[in-house]
Amino acid sequence: MTSPPTQADIDLEIAAIRAAREGAETHHPGRDYAPYRSTALRHPKQPLVPLKDPEAAELTGPVFGVTDVTALDSDLTRQHLGEPMGERITVQGRVLDREGRPVRGQLVEIWQANAAGRYPHQRDDHPAPLDPNFTGVGRCLTDDDGGYAFTTVKPGAYPWRNHVNAWRPAHIHFSVFGTAFTQRLVTQMYFPGDPLFPYDPILNSVTDERARQRLVAAYDHELSTPEWSLGYRWDIVLDGPAATWMEEGR
Amino acid sequence: MNPTPSQTVGPFYGYALPFPGGGDLATGGVTVHGYVRDGAGEPVPDALLEFWQADPAGSLRGAPGTLRRDPVNGAIIGRHGVDFTGFGRVPTDADGRWTLRTVVPGTGYISVCVFARGLLHHLYTRIYLAEHPFLDTLPPERARTLLAAREREDVYRFDVHLQGEKETVFFDFG
Ligand SMILES: [Fe+2]
């Protein structure tokens, strides 16, 4: 293709792949998802090699502690002298394993665009304003219930060059550790009712509607603070096996 | 419970995930370095590699403190150099290149988790610093992709090929 694809071209590709996978309960995106064009040269073509070894190092994983975070890390609105622009929100939830057990004391990291849809990154040339009072990076450790919580502002949608008129729905990037390296997760949290959902090849790389819904936070009025912030809830379930000796904690 | 789906790390993690000294797990040990390349053989300048490994005695307990912070200004002051945290994180540079300084793990391999723009779900591989019985379980031309090349004393080269003729072996832990 000589000219970049249009949204209509991408829509057709998204629909065709979805139809081909209709009814299949898959959890994760396929790595060879053509509508997200950068995947073309960046996915392996050989099948993954199954590795089932109870001694594998990957069944354990890095540990973090109170020295690795500071109290301010989880409030992205207090990291500068002034208040950032935008709609103040809280995002909270629990990190669980596939058995529903809380993942305790593990590191959750987030990053996001500011309210105008701009990242403070040299390669983000979207002509939306930077906010001197917002960097958009947060960290915390999960508590004994696997809980995490961040205060931030709602990120803006932003354009990218996947195709003509490509826009990312508003999202917060999440990086989460489990007790095992196999449980590692990097993902994106979306906001309910975003009109950009059907157009976005990254969200739609998750072809199963039920799985896609698991990437969308719920607005929870109980979590909103009067005269202050709107509350969203988003629980995270980590995939992958972990060593059984980890059960005793460490 | 059904898992939360993966999504790409995207292009803009650079001010959030990397941290000073991310690839310096230990001094006085070995240096492992290499490139991340795509299916056209081009370097991937926006990949992020994470490393997890045993200590020289083979312990996989790790230790907190990889991201140790200065409580005064919040800056990352990093590992204190006494406990071995076992964890490292390195973004590729503009040349698609990365460097890790660590000690030889008692298990013989360093676990690697690969993230990149354009990669919707991370990939796991391993760096073996010497021949190992596990490598004999794979076809030789594939096993070769997991074995670091010793360039000189204590310096090893390991390239990650996401796709193509030299495609690295990536694992499924099920
Ligand atoms: Fe983003």
Side-chain angles (χ1 to χ4, degrees), chain A residues 27-31 33 36 38-39 41-46 48-52 56-58 60-65 67-70 72 96 98 100 109 111 119-121 123-124 135 137 173 175 181-182 184-188 202 205-206 210-212 214-215 236-241 250, chain B residues 1-17 38-40 42 44 50 52-54 60-69 71 74 85-87 105 107 109 111 113 115-124 134 138 142 162-164 167-174:
Chain A
H27 301 310
H28 296 288
R31 295 180 180 87
Y33 189 72
Y36 176 22
S38 304
T39 62
L41 292 169
R42 293 184 172 197
H43 70 274
K45 293 194 170 174
Q46 303 266 1
L48 301 185
V49 173
L51 206 170
K52 296 241 174 9
E58 293 84 356
T60 64
V63 291
F64 299 92
T67 62
D68 292 308
V69 292
T70 68
L72 274 178
L96 306 168
R98 290 202 61 175
E109 297 164 283
W111 69 104
Y119 289 91
H121 190 294
R123 289 181 62 187
D124 182 0
T135 305
V137 176
H173 296 266
S175 160
F181 208 41
T182 56
R184 194 76 181 84
L185 177 69
V186 166
T187 189
Q188 303 180 24
I202 293 184
S205 68
V206 180
R210 293 159 292 188
R212 227 165 29 248
R214 295 199 291 276
L215 291 176
I236 299 167
V237 179
L238 302 182
D239 208 351
R250 57 179 205 179
Chain B
M1 299 180 81
N2 287 323
T4 304
S6 171
Q7 295 268 270
T8 179
V9 73
F12 298 135
Y13 54 83
Y15 65 95
L17 297 182
D38 70 13
E42 295 296 320
V44 176
E50 287 185 349
W52 166 241
Q53 67 163 83
L60 288 160
R61 294 224 150 235
T66 298
L67 290 153
R68 195 170 57 108
R69 306 292 287 284
T85 74
F87 177 67
T107 55
Y109 60 89
S111 303
C113 187
F115 303 92
R117 179 180 69 82
L119 183 61
L120 283 160
H121 193 182
H122 57 266
L123 289 163
Y124 294 104
F134 173 73
L138 299 168
R142 301 237 65 211
L162 294 175
Q163 190 187 83
E167 189 174 302
T168 302
V169 166
F170 298 107
F171 296 114
D172 177 8
F173 292 98

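Below, chains carry the letters A, B, ... as their sequence lines are ordered, and counting in each starts from 1.
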Over all heavy atoms of both residues, which pair between [X] and [Y] is shortest? Give the atoms and the distance, please.
{"X": "A:Thr60", "Y": "B:Leu60", "value": "OG1-CB, 3.5 Å"}
{"X": "B:Gly174", "Y": "A:Lys52", "value": "CA-NZ, 3.9 Å"}
{"X": "B:Pro64", "Y": "A:Gly65", "value": "CB-N, 3.4 Å"}
{"X": "A:Arg184", "Y": "B:Cys113", "value": "CG-SG, 4.2 Å"}
{"X": "A:Thr67", "Y": "B:Gly65", "value": "OG1-CA, 3.8 Å"}
{"X": "B:Ser6", "Y": "A:Val206", "value": "O-CG2, 4.3 Å"}

Any sub-3.5 Å donor-acceptor pair from [X]'s side-chain atoms to [Y]'s backbone N or O?
{"X": "B:Gln7", "Y": "A:Ile202", "value": "yes"}
{"X": "A:Thr70", "Y": "B:Pro71", "value": "no"}
{"X": "A:Arg42", "Y": "B:Leu162", "value": "no"}
{"X": "B:Arg68", "Y": "A:Asp68", "value": "no"}
{"X": "A:Arg31", "Y": "B:Gly118", "value": "no"}
{"X": "A:Thr187", "Y": "B:Pro5", "value": "yes"}
{"X": "B:Glu167", "Y": "A:Gln46", "value": "yes"}
{"X": "B:Tyr15", "Y": "A:Trp111", "value": "no"}

At a 4.5 Å cut-off on heavy atoms, which part of [X] comes close to chain A: side chain, backbone, both, or neither?
{"X": "B:Gln53", "answer": "neither"}
{"X": "B:Phe171", "answer": "both"}
{"X": "B:Val9", "answer": "both"}
{"X": "B:Ala40", "answer": "both"}
{"X": "B:Phe170", "answer": "both"}
{"X": "B:Ser111", "answer": "both"}

From [atom1] ([X]) to [atom2] ([Y]), nearest 0.5 Å:
{"X": "A:Leu51", "Y": "B:Tyr124", "atom1": "CG", "atom2": "OH", "result": "12.0 Å"}
{"X": "B:Leu123", "Y": "A:His43", "atom1": "CG", "atom2": "NE2", "result": "10.5 Å"}
{"X": "B:Leu17", "Y": "A:Glu109", "atom1": "CG", "atom2": "CD", "result": "5.5 Å"}
{"X": "A:Leu238", "Y": "B:Thr4", "atom1": "CG", "atom2": "OG1", "result": "7.0 Å"}
{"X": "B:Met1", "Y": "A:Arg214", "atom1": "CE", "atom2": "CZ", "result": "9.5 Å"}
{"X": "A:Asp239", "Y": "B:Phe173", "atom1": "CG", "atom2": "CZ", "result": "13.0 Å"}

Measure up the A:Phe181 and B:Trp52 rings against each other and bin them: parallel (under 30°), tilted (30 to 60°), perpendicular (over 60°).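 If you compare the ring of A:Phe181 with that of B:Trp52, the planes turn out tilted.
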Please work out whether the ring planes of A:Tyr119 and B:Phe12 are parallel, tilted or perpendicular, with thresholds of 30° and 60°. tilted
Checking heavy atoms, do the side chain of [X], its backbone, both or neither come under 4.5 Å from chain B?
{"X": "A:Ser175", "value": "side chain"}
{"X": "A:His27", "value": "both"}
{"X": "A:Tyr36", "value": "side chain"}

Would you mind telling me which of A:His173, A:Glu58, A:Lys45, A:Arg123 has the largest number of heavy-atom pairs within less than 4.5 Å of chain B? A:Glu58
Could you walk me through whether B:Tyr13 and A:Val186 pass side-chain contact (heavy atoms from CB on, under 4.5 Å), step by step? CA-CA 11 Å; B:Tyr13 54 83; A:Val186 166; over 6 Å; no
Quick check: do B:Thr66 and A:Pro62 have side-chain heavy atoms less than 4.5 Å from each other? no
Chain A contacts, top residue of B:Asp38, B:Thr85, B:Val169, B:Thr107 (heavy-atom pairs, under 4.5 Å):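 Most pairs with chain A among the choices: B:Asp38.
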